[in-house]
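Okay, structure first, notes after.
All ligand and atom numbering here is 1-based and tracks the order in the structure. Keep in mind that what you see is a predicted model, and the values were worked out from it rather than measured.
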Amino acid sequence: MNPFSRQDGELLAENVRLNDIADNVGTPVYVYSKGYFESRYRALEAALAPLDARICYAVKANSNLSVLRCFQVLGAGFDIVSGGELQRVLAAGGRPETVVFSGVGKSEAEMDFALKLGIGCFNVESDQELDRLSRRAALLGRVAPVSVRVNPNVDARTHPYISTGLKTSKFGVPAAEAEAMYQRASADPALEVTGIDCHIGSQIASAEPLLEALDSLLELASRLKSQGIGLRHLDLGGGLGVRYNDEPDFDLDTYGEALKHKLRGSGLQLVLEPGRYLVANGGVLLTRVEYLKPAAEDGRSFAIVDAGMNDLIRPALYQAWHGIEPVNPAAEDARRDHWDIVGPVCESGDFLAHDRDLALAPGDLLAVGSAGAYGMVQSSNYNSRPRPAEVMVENGRFRLIRRRENSRELLALEKDLDG
Ligand code: LLP
């Protein structure tokens, strides 16, 4: 399902006019399609059936409360990486026992918070973290459910910044080290070994590297079993890639079939932590053209828009490609050119796209595509710019799910000017 389609040349989201949203809420604004999120979740669920599987939505991809609520209602659990994300899950009505807690740097305060709530599992990423978790659990009189994040040394063949499963990465521990951690954990009354996990990277194009990682997890699980250490679940992380430009969408059916085949008879519940796959192509960022600076001589042509790298940092940070389309048919005075679409931030790295063949005029509304994942969550106040608003489209209507920040709020935390 593509929720964005044209009617009489005008781009709509689930039949809602993006022009109306921009006129009402202003720009820049993120717009999400709830129907799209639901359809992606159901497709993944269907591909895994009849496996005993739990989909733990990776909160980091898009943590707006209304987005979390959407997945909570669908029956998802949640993958979190901070106490702040856990607060969000609770605020959205998520149940702590459906939460898995990943991340290399869990603080004592974060552990205590999660232990008191009784979350489903701590994905432990180092020897010292295991010690700390044991101490905190013992102190609080709790038993911490534990999975060790294995780094299977598999190349996810993705951008180096979002590749996490190689031995050069800070994430997880090698299988041999994990085995020793399991032996320690299983003898510790403050810990309960429940699972095994990995997450080898993000925006992975095909199932192969994930299945390679699965093989190495299954091998360790069976070694542990022979030592009397039984596991209840296997968490293969997220990472399923999506189409930004001309890449193929991740082949869910192949992945699902292979998972069913490999997990048959294992007695393990499958856990997945998808983020991008569920939300990326259900969102656009709307931005307006402020000025055009056509090329002088053989220079470049710039379309300066009102969204910058502080609103969507993916192009600047990962050289990521996002589709950009005018919401309306070109005006008569539009100028056709190869435009660099750039923001107002004072950095040459502040761009949303390079070299796009478009007919543009000042005031045009543009939709930046595939902005549902790692968009708003990575926004900042750089250049003291208030972060954008967020809107959800549902059943032919739209509603504001996060209002735009204002400049008063940006100053509110700073005090004591003269010391
Ligand atoms: N689980 C863990 C432990 C993770 O670290 C991640 C993502 C996920 C699940 C979800 O991965 P996904 O299914 O979304 O690929 N900011 C980058 C992406 C960073 C991903 C970090 N970890 C971007 O904009 O591309």
Side-chain angles (χ1 to χ4, degrees), residues 30 37 40-41 44 54-63 67 71 76-82 85 89 99-106 120-126 129 147-152 156-166 169-173 195-207 209-210 213 217 234-245 247 249-250 252 255 270-283 285 309 311-322 352 368-380:
Y30 280 95
F37 295 164
R40 293 292 268 197
Y41 183 88
L44 180 54
R54 173 171 285 275
I55 300 170
C56 289
Y57 169 64
V59 173
K60 65 169 78 66
N62 184 330
S63 60
V67 176
F71 289 116
F78 297 95
D79 167 53
I80 60 160
V81 290
S82 72
E85 287 191 348
V89 169
V99 169
V100 297
F101 194 166
S102 305
V104 292
K106 301 176 193 78
C121 191
F122 289 85
N123 291 349
V124 172
E125 306 223 10
S126 69
E129 187 190 333
S147 156
V148 177
R149 176 165 175 182
V150 177
N151 182 330
R157 289 164 238 153
T158 182
H159 190 284
Y161 285 11
I162 53 176
S163 182
T164 50
L166 281 170
S169 144
K170 71 176 176 181
F171 297 100
V173 294
I196 186 166
D197 72 284
C198 73
H199 170 79
I200 61 168
S202 197
Q203 184 57 5
I204 300 172
S206 75
L210 292 157
L217 259 56
L234 183 150
D235 176 348
L236 207 45
L240 315 191
V242 304
R243 169 171 292 186
Y244 283 89
N245 186 4
E247 340 44 343
D249 209 19
F250 191 88
L252 215 50
Y255 189 45
L270 174 69
V271 176
L272 295 181
E273 303 169 356
R276 191 190 314 265
Y277 185 83
L278 298 176
V279 292
N281 281 321
L285 173 63
M309 66 190 289
D311 303 302
L312 179 66
I313 202 174
R314 302 194 72 259
L317 194 57
Y318 315 109
Q319 301 79 45
W321 192 98
H322 285 257
L352 297 177
V368 183
S370 312
Y374 304 109
M376 182 64 178
V377 285
Q378 296 196 110
S379 65
S380 78

* To do: May I ask you to check whether His322 and Tyr244 place their ring centres under 6.0 Å from each other?
  => yes
* Residue pair Leu270, Asp235: steps toward the side-chain contact (heavy atoms from CB on, under 4.5 Å) verdict -> CA-CA 6 Å; Leu270 174 69; Asp235 176 348; over 6 Å; no
* Asked: Any side-chain heavy atom of Ser102 sitting closer than 4.5 Å to one from Glu273?
  -> yes
* For ligand 1, the portion of Arg314 having any non-hydrogen atom under 4.0 Å away -> side chain
* Against heavy atoms of Glu273, which atoms of ligand 1 measure under 4.0 Å? -> 1 (N), 2 (C), 3 (C), 8 (C), 9 (C), 10 (C), 13 (O)
* Asked: Tyr255 vs Phe250 aromatic rings, parallel, tilted or perpendicular, using cut-offs 30° and 60°?
  -> perpendicular
* Among all protein heavy atoms, pick out the one at the shortest distance from atom 8 (C) of ligand 1; state its residue, atom name and that distance to 0.1 Å. => His199 CE1, 3.3 Å
* To do: Within a distance under 4.0 Å of any heavy atom of Ser202, pick out the atoms of ligand 1 and give their elements.
  => 11 (O), 12 (P), 14 (O), 15 (O), 20 (C)
* Asked: Does an N or O anywhere in Ser102 fall below 3.5 Å from an N or O of ligand 1?
  -> no
* Protein contact of atom 20 (C) of ligand 1 - nearest heavy atom, named by residue and atom, plus distance -> Tyr374 OH, 3.6 Å
* What closest approach, in Å, do Ala156 and Pro209 show between heavy atoms, and which atom pair accounts for it? -> CA-CB, 4.1 Å
* Asked: Any ion pair linking Glu85 and Lys60 (charged N to carboxylate O, less than 4.0 Å)?
  -> no
* Just checking, any donor-acceptor pair under 3.5 angstrom between side chains of Ser379 and Asp311? -> no
* **For atom 19 (C) of ligand 1, closest protein heavy-atom neighbour** => Ile162 CG2, 3.6 Å
* Structure fact -> Nearest heavy atom to atom 16 (N) of ligand 1, choosing from Tyr57, Tyr318, Phe250, belongs to Tyr318
* **Pro274 heavy atom under 4.0 Å from ligand 1** => yes
* Mode of Asp79 contact toward ligand 1 - side chain, backbone, both, neither (heavy atoms, under 4.0 Å) -> side chain
* Asked: Would you call Val148 and Val173 a side-chain contact if the rule is heavy atoms closer than 4.5 Å?
  -> yes
* Asked: Does the ring of Phe122 carry Lys106 above it, NZ/CZ under 6.0 angstrom from centre and within 45° of its axis?
  -> no
* Ion pair check, Asp249 and Arg40, cut-off under 4.0 Å -> yes
* Asked: Which ligand 1 atoms, with their elements, are less than 4.0 angstrom from a heavy-atom of Gly238?
  -> 9 (C), 13 (O)
* Asked: Do the side chains of Leu236 and Asp197 get nearer than 4.5 Å, heavy atoms only?
  -> no
* Asked: Which ligand 1 atoms are under 4.0 Å away from a heavy-atom of Gly275?
  -> 12 (P), 13 (O), 14 (O)
* Is any N or O atom of Tyr277, backbone or side chain, closer than 3.5 Å to an N or O atom of ligand 1? -> no
* To do: Decide whether the shortest distance between a heavy atom of Ala61 and an atom of ligand 1 is less than 4.0 Å.
  => no
* Asked: Any N or O of Arg149 that comes nearer than 3.5 Å to an N or O of ligand 1?
  -> no
* Can you list the ligand 1 atoms lying under 4.0 Å from a non-hydrogen atom of Gln378? -> 16 (N), 24 (O)
* To do: Around atom 21 (C) of ligand 1, find the nearest protein heavy atom and jot down its residue, atom name and distance.
  => Lys60 CD, 3.8 Å
